[in-house]
Student: 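Let me give you the structure first, and then I'll get to my questions.
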2 protein chains.
Amino acid sequence: MGLNVSMSVLRRLNIEALLRHAFTSGTFTAAEAMEATSLTRATVLGLCDELTVAGWIEEAEDSRAAGLSRRGRPARRHRLRAGAGLVIGVDAGRSGYRAMAADLRGAALATARRELDPATVDRELRISTVQELVREVREASASTAPLLVTVIGIPAPVDSHGASPIEVGTFWRLMNSGFPAHLDGPVVVENDANLSALAEHAQHPEVNMATLLVGERIGAGLMVDGHLLHGALGGAGEMRFLEAALQDDIGAEGVASLARRWTLEGLATGRSSPALAAIPADALSAVDVFAAGQAGDELARDVLDRIGERIARIAAILVSLLGVERIVMAGAVASSLEPVLQRTREVLPDIAYAPFPELVASGLGRDVVVRGAIEHAVSRLREDPLALLDPPT
Amino acid sequence: MGLNVSMSVLRRLNIEALLRHAFTSGTFTAAEAMEATSLTRATVLGLCDELTVAGWIEEAEDSRAAGLSRRGRPARRHRLRAGAGLVIGVDAGRSGYRAMAADLRGAALATARRELDPATVDRELRISTVQELVREVREASASTAPLLVTVIGIPAPVDSHGASPIEVGTFWRLMNSGFPAHLDGPVVVENDANLSALAEHAQHPEVNMATLLVGERIGAGLMVDGHLLHGALGGAGEMRFLEAALQDDIGAEGVASLARRWTLEGLATGRSSPALAAIPADALSAVDVFAAGQAGDELARDVLDRIGERIARIAAILVSLLGVERIVMAGAVASSLEPVLQRTREVLPDIAYAPFPELVASGLGRDVVVRGAIEHAVSRLREDPLALLDPPT
DNA sequence: AGCATTAAATCTAGCAACTGAATTTAACGG
DNA sequence: CCGTTAAATTCAGTTGCTAGATTTAATGCT
């Protein structure tokens, strides 16, 4: 498999155009490809043959067999050969690690996960864990296809080149453990909230949106004008500004953390809550608070409302400053967030101006980051197919 | 003047590459162009001849005459023919109108300005004013070159397509007066703060920056990862979020307005200020406050400090949320802002985290918007030279 | 003045790759 | 079995690049 290493600029250009069409259009006829690439039939079919031999695309059933034409000679049809390459996405969180292998179209082939105690994890353990997960999903995918890209999401800012700033302390450095050097093939490191944003954006490609990845902390992935924002040192989407903006010391604390904090504060100031008071303070989890709220517990409801109001303030800033139309809450707790978002929608008109953004919870659950990683991998391929399919050297 | 209308894709590509090089590199030799375009000498010189005939580039003195080589046959040198085209930038503000004509490199050839009473201005008057200014600078430029683009800056949000949202009330619609239909040649409409940002960004192309265009109101132009942010309905950079974020009702009020407001409030609460108390309330201007501050007036100093603190809060948000490294204050009052920015730099470490952004006042004065318009025009040309130099139809 | 040296420009044949038109093929229906 | 339709295939013609050989324009040395 592989194309002529040295080809003319023009041919390269046309092959790329054709591959891009293959990526976006499923099965296609020569006529469609002619339209997309503005080449003649002879050239398109020539390229298709070449790419078929190289293994990047394959011939599909013809237009008559597919029931698309009645008269005339049936058109040959081609499609991207999904099995021509493998991509792997990894969510290398603080404690939770997930990996997913997918084909060229982004269809999942295998997944794996692992939990580690963040207190005892060092760079070596992070690297070996990711190595193992990659190996696992690669084997489980039962694919002999070449691994084209591995995208790794980490909970630290990452700039456009995959680097994280050196912090006082070493948390970011620990998270950005230098994966590229320890894995096969091209490796892309990206911030986890950014990957969530890519996952959500893939479902609404034309929309300006912010994705808030919430959990113990909160981070935003910002998609404006079709671009993911990075900023200097990968700082875009960093939420520490909340401290300055909302003038409290909560900063980038996440929903789970706030749920616990405010519940315990409520209990400490003597508020009654049969459901929550029964749980020992160090065992209380966000899930408990959400459950109690669902069951009608008043303290829990207040806490959730307060979280909703906080999200409304964040939303007000994002909408006005960035012209965002849609805000997605993602992360493990996303599925429980509807009551919180209800409150957000309620108060938003009081603190912001129309048009108000859509506020939704992500439907991707714990897989957002890993799905975003796959999405990122596939869109890299789409944008520059030859760089990854037929790399130089 | 004009190239072969129908040329091959490849030729088009190479011509574009060569023109791009001409735009960015001043005078160049064939060897340099070969490097930049990865074409052979024969091809580069062929293209240069063609473009010289077409009038887009011209031959300059050879490398020996320029003192660049001692041995061997001197290299022919070419450069963009600055006079091959004209671009015009317009700042169509609320009351102040400015226009500038420039050559292909962005060098100013002529300027013109006009003041109108905003209370009596309607769409027709705005259009005719801009038409007149364009005609004026075009004539004053003494250039017979074709007008390639006109870029118009307006104080209203503008989306990626040049449209402004329809507001309740009609201010934005009045500002975005449908200029393209009433002017010759391609016309681009853009938000004024965004154009300021382009003007500032041109001086530091690699830097993530926000430009705050301040006056009666405040608007931001955001350059992140080399892109100007627009957002839905052109809403990016809209500063009304400050109301929600800073929890006051000042919102997007600008420096000039705040200077007056807080001075009057100070005087009303009985603060003494020999300099400012003498000025009748309805005659007080921001310039007076800046002057009094300069002279050591205590009330004025307090007001300026307060403004500086407000800017610090804005800076804290921009830095954290967008990873901005540099914040430029632009607009008519920019040159007086140094004392304000001093205060901003002082308090920023208290409310934000390192790394802190550079905080500077724009050196472009009242011309920021119009310069940004020219910059925008030239960079459009640079990005897609053939579209404007040799338009289809 | 004449000649070697250097570095560029120019000329040439050759070739890659696309286009357009003519021809062939693959179906169907009467 | 033949006409019709719509596609694939073939092929000559053209564009536009490259690589290499040749020529040109300068300088400096003898």
Side-chain angles (χ1 to χ4, degrees), chain A residues 3-19 21 27-54 57-79 386, chain B residues 3-19 21 27-54 57-79 386:
Chain A
L3 262 62
N4 190 344
V5 186
S6 77
M7 64 180 115
S8 86
V9 176
L10 185 54
R11 193 146 192 87
R12 187 169 201 92
L13 207 77
N14 288 337
I15 288 182
E16 268 178 2
L18 186 59
L19 277 176
H21 180 68
T27 311
F28 61 93
T29 64
E32 286 158 14
M34 287 164 66
E35 169 77 28
T37 59
S38 53
L39 294 168
T40 55
R41 165 170 268 108
T43 312
V44 165
L45 287 171
L47 289 177
C48 282
D49 288 346
E50 196 171 332
L51 290 177
T52 304
V53 171
I57 65 175
E58 62 192 357
E59 196 153 356
E61 56 175 7
D62 69 38
S63 66
R64 184 173 312 273
L68 296 171
S69 70
R70 320 217 98 265
R71 283 197 294 273
R73 176 171 178 172
R76 290 169 62 189
R77 289 162 77 239
H78 294 264
R79 65 164 158 258
L386 282 181
Chain B
L3 262 62
N4 191 345
V5 187
S6 77
M7 62 180 116
S8 86
V9 176
L10 184 55
R11 194 144 191 86
R12 187 170 200 90
L13 206 77
N14 288 338
I15 288 183
E16 268 179 2
L18 186 58
L19 277 175
H21 180 68
T27 311
F28 61 93
T29 63
E32 286 157 17
M34 288 164 65
E35 170 76 29
T37 60
S38 53
L39 294 168
T40 56
R41 164 170 269 110
T43 312
V44 164
L45 288 172
L47 289 176
C48 283
D49 288 346
E50 196 172 331
L51 290 176
T52 304
V53 171
I57 65 175
E58 61 192 359
E59 195 154 356
E61 55 174 9
D62 69 39
S63 66
R64 184 173 314 271
L68 298 171
S69 69
R70 318 218 99 264
R71 282 196 294 273
R73 178 173 176 171
R76 290 170 62 191
R77 288 161 77 238
H78 293 264
R79 64 163 159 256
L386 283 181

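Owing to the predicted nature of the structure, the values given are computational and were not obtained by experimental measurement. In what follows, chains are A, B, ... by sequence order, proteins preceding strands, each numbered from 1.
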Student: Roughly, in whole Å, what's the span from CZ in R12(A) to C1' in dC17(D)?
Tutor: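 Taking CZ of R12(A) and C1' of dC17(D), I get 17 Å after rounding.
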Student: According to the salt bridge (Lys or Arg N to Asp or Glu O under 4.0 Å) rule, which pairs have a member within residues 67-78 of chain B, sequence neighbours left out?
Tutor: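 Salt bridge (Lys or Arg N to Asp or Glu O under 4.0 Å) check on residues 67-78 of chain B returns D49(B)-R76(B), E59(B)-R76(B).
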Student: Dump every N/O contact between nucleotides 1-5 of chain C and the protein below 3.5 Å, one line per pair.
Tutor:
none

Student: Shortest non-hydrogen contact from S69(A) to P74(A)?
Tutor: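 Nearest heavy atoms, S69(A) then P74(A): OG-CA, 4.5 Å.
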Student: Would you say a side-chain N or O of T43(B) is under 4.0 Å from OP1 or OP2 of dT18(D)?
Tutor: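 For dT18(D), OP1/OP2 do have a side-chain N/O of T43(B) under 4.0 Å.
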Student: Quick one: is N14(A) getting a side-chain N or O under 4.0 Å of the dA17(C) phosphate, OP1 or OP2?
Tutor: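 The answer is no; no side-chain N or O of N14(A) sits under 4.0 Å from OP1 or OP2.
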Student: Using OP1 and OP2 only, check whether a side-chain N or O of R71(A) sits under 4.0 Å from dA7(D).
Tutor: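 Looking at the OP1 and OP2 atoms of dA7(D), neither is under 4.0 Å from any side-chain N or O of R71(A).
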Student: Can you tell me how far P of dC17(D) sits from CG of L13(A), to the nearest Å?
Tutor: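 L13(A) atom CG is separated from dC17(D) atom P by 14 Å.
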Student: With a 4.0 Å heavy-atom cut-off, tell me which residues in residues 33-42 of chain B come close to DNA chain C, sorted by residue number.
Tutor: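 By residue number: R41(B), A42(B).
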Student: When you compare the protein's N or O atoms with those of nucleotides 21-24 of chain D, which come within less than 3.5 Å of each other, and at what distance?
Tutor:
from	atom 1	to	atom 2	distance (Å)
dT24(D)	O2	R73(B)	NH1	3.1

Student: Okay, side chain of R64(A), backbone of G72(A): is any donor-acceptor separation there less than 3.5 Å?
Tutor: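 The answer is yes, because a donor-acceptor pair under 3.5 Å joins these two groups.
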Student: How long is the line joining CG of L45(A) and P of dT23(C), in whole Å?
Tutor: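 So the CG-P distance, L45(A) to dT23(C), works out to 20 Å.
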Student: Side-chain donor-acceptor contacts of residues 34-41 of chain A below 3.5 Å, not counting sequence neighbours, with atom names and distances?
Tutor:
from	atom 1	to	atom 2	distance (Å)
T37(A)	OG1	A33(A)	O	2.7
T37(A)	OG1	L39(A)	N	3.4
T40(A)	OG1	T43(A)	OG1	3.0

Student: Can you tell me the distance, in whole Å, between the CD atom of E59(B) and the C1' atom of dA9(C)?
Tutor: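 In whole Å, dA9(C) C1' lies 11 Å from E59(B) CD.
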Student: Apply side chain to side chain contact (heavy atoms under 4.5 Å, CB included) to T29(A) and E32(A), showing your working.
Tutor: CA-CA 5 Å; T29(A) 64; E32(A) 286 158 14; 3.5 Å; yes
Student: Just verifying a value: how many Å separate I57(A) CD1 and L19(A) CG, rounded to the nearest 0.5 Å?
Tutor: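 The CD1 atom of I57(A) sits 7.5 Å away from the CG atom of L19(A).
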Student: With sequence neighbours excluded, what pairs up with R79(A) under the side-chain hydrogen bond (donor to acceptor under 3.5 Å, both in side chains) test?
Tutor: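 Checked R79(A) against side-chain hydrogen bond (donor to acceptor under 3.5 Å, both in side chains); matches are E58(A).
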Student: What are the atom names and distances for every N/O pair under 3.5 Å that joins the protein to nucleotides 14-16 of chain C?
Tutor:
none

Student: Measure from CD on E32(A) to C1' on dA7(D) and round the result to the nearest Å.
Tutor: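 Distance check: E32(A) CD to dA7(D) C1' gives 13 Å.
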Student: Of all residues at least two apart in sequence or in a different chain, which pass the side chain to side chain contact (heavy atoms under 4.5 Å, CB included) check with R11(B)?
Tutor: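 Expected list: M7(B), S8(B), I15(B), L47(B), E50(B).
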Student: Expressed in angstrom and rounded to an integer, what is the separation of L47(A) atom CG from dA17(C) atom P?
Tutor: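 From L47(A) CG to dA17(C) P: 10 Å.
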Student: With a 4.5 Å cut-off on side-chain heavy atoms, are L18(B) and N14(B) touching?
Tutor: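 No. Closest side-chain heavy atoms not under 4.5 Å.
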Student: How close do A60(B) and T27(B) get, heavy atom to heavy atom, and via which atoms?
Tutor: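 Between these two residues, the closest heavy atoms are CB-CG2, 3.7 Å.
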Student: What is the distance from CG of L68(A) to C1' of dT5(D), rounded to the nearest Å?
Tutor: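 Rounding to the nearest Å, CG of L68(A) and C1' of dT5(D) are 17 Å apart.
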Student: A30(B) near the nucleic acid: base, sugar-phosphate alone, or nothing, with a heavy-atom cut-off under 4.0 Å?
Tutor: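 It contacts sugar-phosphate atoms only.
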Student: How many Å lie between NE2 on H78(B) and P on dA8(C), as a whole number?
Tutor: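 It works out to 14 Å between those atoms.
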Student: Under the ring-ring contact (aromatic ring centres under 6.0 Å, His included) rule, what pairs show up with a residue in residues 28-48 of chain B, not counting sequence neighbours?
Tutor: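 For residues 28-48 of chain B: H21(B)-F28(B).
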